[in-house]
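If you scroll down you'll find the structure; I have some questions about it.
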Protein chains: 2
Amino acid sequence: MPHLAFPNSTCDGFRCATHCSVRPLAICGELEQLEHEEFERLAQHVRYGPKEALFSEDEVADAVYSLVEGIARLYKLLPDGRRQIIGFALPGDFLGMAPSPRYSFSADSIGGVTVCKFFRGPFLRFIENRPQMLLRMNEFATRELSLAQDQMLLLGRRSAEEKVAAFLVGWRDRLARLEGVTKTVSLPMGRQDIADFLGLTIETVSRTFTKLEREKLIVIVPDGVRVLDPKRFDALAAA
Amino acid sequence: MPHLAFPNSTCDGFRCATHCSVRPLAICGELEQLEHEEFERLAQHVRYGPKEALFSEDEVADAVYSLVEGIARLYKLLPDGRRQIIGFALPGDFLGMAPSPRYSFSADSIGGVTVCKFFRGPFLRFIENRPQMLLRMNEFATRELSLAQDQMLLLGRRSAEEKVAAFLVGWRDRLARLEGVTKTVSLPMGRQDIADFLGLTIETVSRTFTKLEREKLIVIVPDGVRVLDPKRFDALAAA
DNA sequence: GCGCGGCCTTGATCTGTGTCAAGCAGTCTT
DNA sequence: AAGACTGCTTGACACAGATCAAGGCCGCGC
């Protein structure tokens with residue numbers, strides 16, 4: 001179970017530095033000093049270990065989260081256990097808004113995760129008369145929606161090979177926003193997670209990685225892949 | 001090509017009555033009299049005939065739309081022509097927000113369609129200092145996102161029969177919000193549209209309709225279906 | 001009233017991906 | 001260092017849904 005790291009979040013060295021490193025990307029990125037301090041007073045900084053639930057589908061949605069560090073998987077389940085991962089959340093991402101009083105999906109940590117947690121009431125009261133903040137939330141929601149629509153195209157109309165290639169390209173580009181451009185794409189999630197994200201089985205994902213390696217497009221390395229031929233690779237992902 | 005119906009949209013009888021009938025559901029539903037009049041002055045009411053484009057992917061996104069009447073299909077294409085319909089828009093729906101300066105998908109009318117069209121600049125200026133309006137846009141975006149996530153689960157993890165059943169139930173429930181509850185679900189879109197929405201081929205959709213009819217769950221009627229056994233049907237759609 | 005075109009259905013066959021089963025490679029435990 | 005656990009890969013086979021092909025229905029124009 002999660003423990004509160006520093007509920008009264010005055011800036012206290014290492015952890016706050018970590019926190020602030022994603023601020024420009026986060027929901028609170030455009031608040032000025034004074035407002036940000038007020039906003040911070042609403043936050044609980046919470047740390048989760050590997051594979052802990054942040055929240056679960058159908059629970060009362062009493063909090064929203066700004067991801068500070070680590071990676072979370074967001075997913076929905078069918079009654080018989082089939083799972084669809086609807087996204088991977090990275091630092092700066094904002095989680096937990098729902099169109100009903102309950103969460104519409106579940107979220108749990110992959111490795112360790114740190115979040116700013118806000119209770120719904122105080123959070124809504126803070127934003128409700130701050131157009132800047134509301135505009136930013138709109139930007140976030142619009143970006144998420146667009147990502148979701150790309151994923152629908154992928155799930156509905158692409159082959160297994162195209163799915164895997166598009167996933168790697170999309171993931172590489174999202175990481176680039178955080179860590180800069182690299183040739184090696186780190187994959188902190190397991191094969192089963194990738195399968196459940198792409199609407200495939202773990203065997204098909206594994207075979208497809210192998211196939212891409214045989215075709216000299218990638219090299220599989222521990223916890224990631226190295227892209228050998230970005231040109232050809234991007235083409236495969238787009239088509 | 002579309003023609004302007006009444007660009008200077010003072011209330012003028014029939015058409016405005018039509019318009020206002022969806023107001024409570026639309027983006028402008030919570031504006032008071034005076035503000036709404038100001039908002040209306042920004043709008044162009046535009047009517048489209050069947051199968052006309054409202055806007056297309058990659059075009060400069062210079063306007064947003066509130067759908068007043070009719071039904072639109074929203075879709076994305078792959079370079080080779082494969083199509084994924086990402087949603088059907090109904091009266092009250094709000095279209096055209098994009099995370100970049102260009103539209104991220106295409107929209108065209110199915111039958112005839114009437115919209116309120118707003119140019120981006122004036123629209124943004126109107127909402128930017130109106131928290132009520134921004135909150136409402138957030139609600140709309142959040143609901144859209146949740147719908148998109150449901151659709152990801154459907155596309156990635158459901159069988160053809162489950163897809164068709166879930167589609168009919170979801171569509172029936174959306175229509176119910178507008179027209180009230182009915183046994184007969186009208187389907188203004190063609191089989192190919194349904195196929196492209198569900199990530200199937202037209203043949204599989206057709207066969208699945210026939211199968212559901214053989215199993216006495218539905219009856220196929222012109223431009224729609226009648227649901228015979230809502231209990232059993234909802235169960236199939238959920239599982 | 002007849003022919004044409006669009007849309008839908010049905011049948012036969014093919015194939016990409018799922019399923020089932022086995023084995024391998026690290027890593028952790030003791 | 002042996003065992004076992006977890007995650008990944010590989011192979012053989014099955015099947016849901018795609019593809020290819022034909023035919024039916026209905027509204028529309030002439």
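The structure presented is a predicted model; accordingly, all values stated were derived computationally and were not measured. So you know, we letter chains A, B, ... as the sequences are listed, proteins then strands, and number each from 1.
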My understanding is that only residues two or more places apart in sequence, or in another chain, count here; which of them pass salt bridge (charged side-chain N to carboxylate O under 4.0 Å, His left out) with B/Lys76?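 Scan of B/Lys76 (salt bridge (charged side-chain N to carboxylate O under 4.0 Å, His left out), adjacent residues dropped) gives A/Asp150, B/Glu57.
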Check A/Asp62 with A/Lys117, please: is the shortest side-chain N to carboxylate O separation under 4.0 Å?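 Judged by the 4.0 Å cut-off on N to carboxylate O distance, A/Lys117 and A/Asp62 do not form a salt bridge.
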Does the pair B/Asp108/B/Arg73 count as a salt bridge with the N-to-O cut at 4.0 Å?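 Answer for the salt bridge query: yes.
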All side-chain hydrogen bond (donor to acceptor under 3.5 Å, both in side chains) counterparts of A/Tyr65, not counting sequence neighbours: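 Applying side-chain hydrogen bond (donor to acceptor under 3.5 Å, both in side chains) to A/Tyr65 gives none.
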Drop me the distance from A/Ile86's CD1 to B/Leu153's CG, to the nearest 0.5 angstrom.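 Here the rounded value is 9.0 Å.
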Identify all side-chain donor-acceptor contacts of residues 194-205 of chain A below 3.5 Å with residues at least two apart in sequence or on another chain.
from: A/Asp196; atom 1: OD1; to: A/Gln192; atom 2: NE2; distance (Å): 3.2
from: A/Asp196; atom 1: OD1; to: B/Arg157; atom 2: NH2; distance (Å): 2.8
from: A/Asp196; atom 1: OD2; to: A/Arg83; atom 2: NE; distance (Å): 2.6
from: A/Asp196; atom 1: OD2; to: A/Arg83; atom 2: NH2; distance (Å): 2.8
from: A/Thr201; atom 1: OG1; to: A/Thr204; atom 2: N; distance (Å): 3.3
from: A/Thr201; atom 1: OG1; to: A/Thr204; atom 2: OG1; distance (Å): 3.1

Between A/Ser206 and A/Arg191, is any side-chain donor less than 3.5 angstrom from a side-chain acceptor?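 Absent: no donor and acceptor within the cut-off.
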Let me have the donor-acceptor pairs involving side chains of residues 212-228 of chain A, under 3.5 Å, with sequence neighbours excluded, atom names and distances please.
from: A/Glu213; atom 1: OE2; to: A/Ile220; atom 2: N; distance (Å): 3.0
from: A/Arg226; atom 1: NE; to: A/Thr184; atom 2: OG1; distance (Å): 3.4
from: A/Arg226; atom 1: NH2; to: A/Thr184; atom 2: OG1; distance (Å): 3.1

For nucleotides 10-19 of chain C, just jot down a letter per nucleotide in 5' to 3' order: B, S or -, based on protein non-hydrogen atoms under 4.0 Å. BBB----SSB
With B/Lys211, which residues qualify under salt bridge (charged side-chain N to carboxylate O under 4.0 Å, His left out), at least two apart?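 Expected list: B/Glu161.
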Considering only NZ, NE, NH1 and NH2 on the basic side and carboxylate oxygens on the acidic side, decide whether A/Asp229 and A/Lys231 come within less than 4.0 Å.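 Not counted as a salt bridge, because no side-chain N and carboxylate O are separated by less than 4.0 Å.
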Kindly write out the residues that satisfy salt bridge (charged side-chain N to carboxylate O under 4.0 Å, His left out) with A/Arg102, not counting sequence neighbours, or none if the list is empty.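 None.
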Got a sec? Which of residues 183-195 of chain A come in under 4.0 Å of DNA chain D, heavy atoms?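 Result for residues 183-195 of chain A: A/Gly190, A/Arg191, sorted by number.
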For DNA chain C, the residues among residues 72-88 of chain A that have a non-hydrogen atom under 4.0 Å from it: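 Under 4.0 Å from DNA chain C: no residue of residues 72-88 of chain A.
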Parallel, tilted or perpendicular, as decided by the 30° and 60° cut-offs, for the rings of B/Phe140 and B/Phe94: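 Rings of B/Phe94 and B/Phe140: perpendicular, as their planes differ by over 60°.
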Residues forming a salt bridge (charged side-chain N to carboxylate O under 4.0 Å, His left out) with A/Asp173, sequence neighbours excluded: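 Checked A/Asp173 against salt bridge (charged side-chain N to carboxylate O under 4.0 Å, His left out); zero matches.
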Bend across the helix from C/dG1-D/dC30 to C/dT30-D/dA1, to 10°, with axes taken over 5 pairs at each end?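 The end axes of the helix from C/dG1-D/dC30 to C/dT30-D/dA1 are about 30° apart, to the nearest 10°.
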Indicate yes or no for a side-chain donor-acceptor contact from B/Trp171 to the backbone of B/Ser186 under 3.5 Å, with no hydrogens or angles considered.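 Answer holds: yes.
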Check A/Val68 against A/Cys116 and note the closest heavy-atom contact, atom names and distance.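 Residues A/Val68 and A/Cys116, closest heavy atoms: CG2-N, 3.8 Å.
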First and last nucleotide of DNA chain D, 5' to 3', lying under 4.0 Å from heavy atoms of chain A: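 The footprint of chain A covers D/dG7 to D/dA12.
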